[in-house]
Amino acid sequence: VRAAIDRVEILARLRSAVVPLLDAQQASYVSRLEAGPVGSTTDLVLRTEVDTLSVLEVVRHRGEGPWKERDRRLLRTIVDVAASALDKAQLFEEIKHQALYDALTGLPNQLLLEDRVIQALGNTARTDSCLALAYVDLDQFKRINDSLGHAAGNELLIAASRRLETATRGTDTVARMGGDEFVVLLPNVESA
């Protein structure tokens, strides 16, 4: 549930790899708006686009002469590898979100709830605190679907999920089990 290499880590690895490979003084990221023309270079600064948001600027040591074509190609190759990793990380996050969250309500699903319950039980044992699980079922939900249609039923489920989220703390978890069933995990409660 929690394993992934994120965008920040990939960009940090790219920056730290570029400096020794290009024998540069430093490398940093700037937004596309601040960078000026992408691909432009001066004797000391080489720029290349990493993604739609970021441009990598690599600064050469003074007195080492201008950037060469092989430097530009090497930087582009390194950035292309990082861009591929960024794409895979984004795809991983999208797949993980689809696997862990309910498509209709955006709430955690059974799989993510199970992980959070395991964490909460471990924390409860360590801190000698209590937790609560509340099962919420919408009565007469089938009538809504039968009389008003599934679109109305979906609107009701979304509204119910938002109300449950509003009624709970930020540390609580409201999960949709499917159909009209929800579970609310309430860690660190004082008493029954």
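When a residue number appears, it is its place in the shown sequence, counting from 1.
Salt-bridge annotation for D71 and K68: absent, with no side-chain N of the basic residue lying under 4.0 Å from a carboxylate O of the acidic one. Checked for salt-bridge contact, D180 and K142 miss the test: no charged N lies under 4.0 Å from a carboxylate O.
Panel note: side chain Y135, backbone V184; no donor-acceptor pair is recorded below 3.5 Å. At distances below 3.5 Å, at least one donor-acceptor pair connects side-chain atoms of R126 with backbone N or O atoms of G122. Remark: side-chain polar atoms of N109 are paired, donor with acceptor, to backbone N or O of L112 under 3.5 angstrom. R162 contributes a side-chain N or O that, together with a main-chain N or O of T105, makes up a donor-acceptor pair within less than 3.5 Å.
Taking 4.5 Å as the limit, every side-chain heavy atom of V58 sits out of range of all side-chain heavy atoms of Q25. L157 has its side chain within reach of R176: a pair of non-hydrogen atoms, C-beta onward, lies under 4.5 Å apart. Within the 4.5 Å cutoff, the side chain of N123 has heavy atoms near those of the N188 side chain. Put simply, the side chain of D23 reaches to within 4.5 Å of the side chain of E64, judged on heavy atoms. With contacts defined as side-chain heavy-atom distances shorter than 4.5 Å, the pair R116/P108 qualifies. Inter-residue side-chain proximity for L107 and Y101 is flagged as unmet; no heavy-atom pair is nearer than 4.5 Å. For the pair V55/V50, no side-chain contact is recorded, criterion being any heavy-atom separation below 4.5 Å from C-beta on. Counting only heavy atoms from C-beta outward, the side chains of L14 and Y29 approach each other to under 4.5 Å.
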Side-chain atoms of residues 79-87: list all donor-acceptor pairs with protein atoms under 3.5 Å, sequence neighbours left out, distances to 0.1 Å.
unit_1: D80; atom_1: OD1; unit_2: R76; atom_2: NE; d: 3.1
unit_1: D80; atom_1: OD1; unit_2: R76; atom_2: NH2; d: 2.9

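In terms of heavy atoms, R15 sits closest to S28 at CD-CA, 4.0 Å.
Connection of V117 to L131 is established within a shared hydrophobic cluster, with ILVMFWY side chains joined at heavy-atom distances below 4.5 Å, either directly or through further cluster members.
Distance CD/Q26 to CD/E57: 9.0 Å, rounded to 0.5 Å.
With a 6.0 Å radius and a threshold of 12 heavy atoms from other residues, nucleotides or ligands, R169 has its CZ atom above the threshold.
Because its NZ or CZ atom is both nearer than 6.0 Å to the ring centre of W67 and within 45° of the ring axis, R60 counts as a cation-pi partner of that residue.
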